[in-house]
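Note that these values count all heavy atoms, side chains included, but never hydrogens, waters or copies made by symmetry. To find a chain, count down the sequence lines: A is the first, B the second, and so on, and within it residues start at 1.
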Amino acid sequence: MYTLEDLKAHGLSLDEYQKIQQQLGRDPNPTELAMFGVMWSEHCCYKNSRPLLKNFPTTGERVVVGPGENAGVVDLGEGDWLAFKIESHNHPSAVEPFQGAATGVGGILRDILTMGARPIALLNSLRFGPLTDPRNRRLMARVVEGIAHYGNCVGVPTVGGEVAVDPCYTGNPLVNVMTLGLLETPTVVKSAAQGVGNPVLYVGSTTGRDGIRGASFASAVRVSETESLLGEHCQQDLPAVQVGDPFLGKCLIEACLEAFATGAVVAAQDMGAAGLTCSTSEMAAKGGVGIRLDLDGVPARESGLQAWEYLLSESQERMLLVAQKGHEAELIEIFQRWGLQARVVGEVLAEPVVEVWHQGSRVVEVPARALAEETPVYVRPVLQEPPTYVQEAWQWDPATLPPCNCRGIQLGQEIREWEQVLLQLLASPTLASKAWIYRQYDHQVQNNTVLWPGQGDAAVIRIRSQKFGSGEVPALRPSRKAVAATLDGNGRWVYLDPYEGAKAAVAEAARNLSCVGADPLAVTDNLNFGNPENPVVYWQLALACQGIGDACRALGTPVTGGNVSLYNETLTPTGSQAIYPTPVIGMVGLVPDLQLICGQGWQQAGDLVYLLGSQAPVSLGGSEYLAVIHQKVTGRPAPVDLELEKQVQAACRHGIRQGWVRSAHDCSDGGLAVALAEACLSGSQGATLCLPAPSGRWDQALFGEGSSRILVSVNPAHRSLWEAYLESQLPGQWQFLGQVGSPEDPLVLTTAEGDPVLSVSLAAMQAAYHGTFADHPDPSHFQSQ
Amino acid sequence: MAGVRFGIVVFPGSNCDRDVAWVTRGLLGCPTRLIWHRETDLSGLDVVVLPGGFSYGDYLRCGAIARFAPVMGSLKEHAARGGYVLGICNGFQILTEAGLLPGALVRNANLHFICDRVGICVERQDLPWTSAYPQGSTLTLPIAHGEGRYTCDPDTLKQLQDRGQIVFRYAPVAPNGSVDNIAGICDPSGRILGLMPHPERAADPDLPGQDGIPFWQSILRSFAA
């Protein structure tokens, strides 16, 4: 009935087609086949990654909703429930960076909203190729504009994130967006359809031909095929990338929260990937019921839409609700007041089928579970030995680098002094100030931002109910409670050691939360990987998942959901090139009292500087120093000691809550010297510090990277209490480094004997740190890696 | 509860309405009403605030659609009765579109949205909006806008200067390229104020930046007098 080419156009294999035939007991018609194509794509059903995700811990005393719903929910106490989730929009952003990024923001906002939560914060994690390439620079600038466009208009502050640059992301940028939301409903709004005979409401924007097959587009095997898929759309003037309207998005947030407050909404589901197909089949399958959908009732933005076009459209700002019978009019009135579409388009059926009607005839009749739950799963063999590239990297010996001493390193004919190396690192795009980016994001709207971007290792947002609307404003309760949030991932480390690199990402996320004084609570993860059909990529994915699972178990931060983005590859002259395996960890933490938090910059001249976890091993393997100064991506990153990690973080949080610690900064990318420079830059003050003679090389001591290290400054009045506490809690795992200076003082490092190591003025560091991302007409300002 | 009665207009797309209410109701304890843009009853209100955001998506031009909202006729009557009107950010843009303040706000000179804390010079201390600021104060206030570059023709600028209608200037320079560093202006009576900075985002003792507190105290003080 169908050729292999037909099946391939829907991203289906012959085996998968036969499975569809078995489930239906007949051949699917073309509309049904299109629905299976999107629902059985990796993007919608995680057929390659699901077996690997089983290893994650998903429960805990704070977890209200774990994986499987639109977002995870954790209990913050006193009836405050926080919904949070991460989502990627890598493939759309590669093609149309502005709309790709904008709709990435819009989509994750609706996932949070669907739970009954008002979105209160956005974060993003971005990866680009070298900014010396004008194409990468354009992608970066347009992605940032797209995020700003949606987030600023919709009125949700963009409070944090991370950006890294590496050649492997050329042509395949990563755009991961995380949203936090505070529940406004008494219980979580679920997505399971309930109550036979209840009406199904379509609300929000109209349906058009935009974004058709976006899900299968995102799961296409390679860019070459992606491009042909896109080309096919372009020929028909059908963009595969959706177009967002943040104004409608804002109205949808307000209208949905009002609708939820009536108590008349039984279930809700965002129409994201695979649009009406996904929302109807998932809502029906989860509820163990069926849904009849009448496409003639769906408001269209253009005439002549075919049934499959309605069903696959990914037009934005749309939701599907199941309402209590008899309450339709009340709900429709709310959405119309906000200028939105709202129509009854079907009803809940007893028989568990998705039944679609178009122009008077039934065009689809498929068991809901076949589309949404009985989807293919591929358990692939995992390589027993690390692949060759990893084994080779692990053989690398730092002794093969040129000789160095306490003043600098021999590079060619000259000695490059550590001052110059530090400034070069501070200017590298991965480490440089991102102020040019976050200055374009409204990070203060909603009046709850406790730490601005760049002030701390994690964002801190006050938790305060905003549940009131038109009319007299009721008494508003003050609140001292806050949440902290962070996104972390180091693709280079995971590439060189997927298991330890993924552990390190979880450890760093928790450490960043601890550095602002928050207790880490739970995780949402975004797995950005290449083609899983490649055994090396699958090995990376399998080991990274093990690492995430083990670290989350050890640190007590269960995974409440996440996203998987596979097939992140670009074509090179020699074939297909996967990105670095890049798991991005989103973590949230609880701040019991927003007065007891901490930024990363020095606060007061004379404060004492300590390094916690000082005996933890560090490595030059996979370091920023090795990549930027020596153009090498090799070696083995330091393994993570999760027990030490917990102790170091607990000590930091205790010091903050006692009022002893006045600044805390994670010592990670760029190593100790860069962390010290960042504390100077953020606090606009210098410091004078003394380093004990290293057991290994000087560059390893200054720029070696590892986990479990935190740099803190402490009020000298509390020195004896603090040191006694450290000696009891972290014996042998801390060291005193020196003192914070004034705004006029440079950053000075000396050896234990007092010999100079480096001395850099604040002005020189600022020039290097702030010069990389800026409005430069001349592209040569974008320093290469 | 303090005596000043605030009204905050909610257009579709407004997104600082609750932020202002948090300050006027939550922190100042003043009675505050959120007014849906289709309402026309502004009776009993002392100060009507047009908040920041993207009214009607800022389609066509910032504030260009909002000026036709039913509430705007009542707002003009409120102003004519001697009522106070405060337009913050998008609210300032709406006031210029509605002709309640002169000039226009156009795209920032660097073509980017700018969210930052910037220096602001208070040019007049004799207004109900500024009396609590010490003479010659320079403040730090948050801004967050893509179209905040104030512009007007030379005659209008001269009038603004001559009549002392320039209330706030960026200091030392306008981040958005505003003419004469203008950050906020009032009408000749001083009762209608429009400004791009967000005084409501710098008024909470629990959050960083508090230079907006005297702005709100000034309003309370002027009604207490």
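Contact tally against chain A (heavy-atom pairs below 4.5 Å) for B/Ala144, B/Pro208, B/Gly209: the top residue is B/Pro208. Counting heavy-atom pairs closer than 4.5 Å to chain B, the top residue among A/Gly471, A/Pro478, A/Gly339, A/Gly469 is A/Gly471. Ranked by heavy-atom pairs shorter than 4.5 Å toward chain B, the options A/Val445, A/Val156, A/Thr449 are led by A/Val445. The greatest number of non-hydrogen atom pairs below 4.5 Å with chain B, out of A/Ala435, A/Pro474, A/Ala148, A/Gly249, is found for A/Pro474. Between chain B and the options A/Val460, A/Val450, A/Val144, heavy-atom pairs under 4.5 Å are most frequent for A/Val450. With chain B as partner, the option from A/Leu248, A/Asp245, A/Leu594, A/Asn152 having the largest number of non-hydrogen pairs under 4.5 angstrom is A/Asn152.
At a 4.5 Å heavy-atom cutoff, the contact between A/Val154 and chain B is made by backbone atoms alone. Interface residue A/Arg477: only backbone heavy atoms are found under 4.5 Å from chain B. Only the side chain of A/Cys251 comes within contact range of chain B, judged by heavy atoms closer than 4.5 Å. For chain A, no part of B/Phe6 is nearby; none of its heavy atoms comes within less than 4.5 Å. Interface remark: B/Arg117 contributes side-chain atoms only to the contact with chain A (heavy atom separation under 4.5 Å). Contacts of B/Thr24 with chain A are absent, with no heavy-atom separation under 4.5 Å from either backbone or side chain. Of the two parts of A/Ala475, the backbone and the side chain both hold a non-hydrogen atom closer than 4.5 Å to a non-hydrogen atom of chain B.
Of the listed residues (B/His198, B/Arg201, B/His145), just one forms a side chain to side chain donor-acceptor pair (under 3.5 Å) with A/Asp442, and that residue is B/Arg201.
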Legend entry - side-chain contact (heavy atoms from CB on, under 4.5 Å) evaluation trace for A/Arg118 with B/Arg18: CA-CA 13 Å; A/Arg118 172 178 295 278; B/Arg18 289 184 179 84; 3.1 Å; yes
Inset, instruction - Verify side-chain contact (heavy atoms from CB on, under 4.5 Å) between A/His149 and B/Phe113, making sure each step is shown before the conclusion. - result: CA-CA 9 Å; A/His149 167 70; B/Phe113 190 96; over 6 Å; no
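Salt bridge annotation for A/Arg464-B/Asp206: absent, with no cationic side-chain nitrogen under 4.0 angstrom from a carboxylate oxygen.
Taking 4.5 Å as the limit, every side-chain heavy atom of A/Glu472 sits out of range of all side-chain heavy atoms of B/Arg25. Residues B/Trp22 and A/Gln466 fail the side-chain proximity criterion, which asks for heavy atoms closer than 4.5 Å.
For the pair B/Pro175 and A/Arg439, the tightest heavy-atom approach, listed with the atom from each and the gap, is CB-NH2, 4.2 Å. Between A/Tyr441 and B/Cys115, the shortest heavy-atom contact is O-CB, 3.2 Å.
Between B/Glu39 atom CD and A/Ser470 atom OG the span is 6.0 Å, to the nearest 0.5 Å. Distance check, rounded to the nearest 0.5 Å: CG of B/Asp116 to CD of A/Gln444 gives 9.0 Å. Taking CH2 of B/Trp36 as the reference point, atom CZ of A/Arg337 lies at 6.5 Å (rounded to 0.5 Å). In this structure, the separation between CZ on A/Arg462 and CG on B/Leu207 is 4.5 Å, given to the nearest 0.5 Å. Here CD of A/Gln440 is found 10.5 Å from CG of B/Asn108. Values are rounded to the nearest 0.5 Å. Atoms CZ and CZ, from B/Phe54 and A/Phe247 in turn, are 12.0 Å apart once rounded to the nearest 0.5 Å.
A/Asn447 places a side-chain N or O within 3.5 Å of a backbone atom of B/Glu200 that can act as its donor or acceptor partner.
A/Arg480 CZ: more than 12 foreign heavy atoms inside a 6.0 Å radius.
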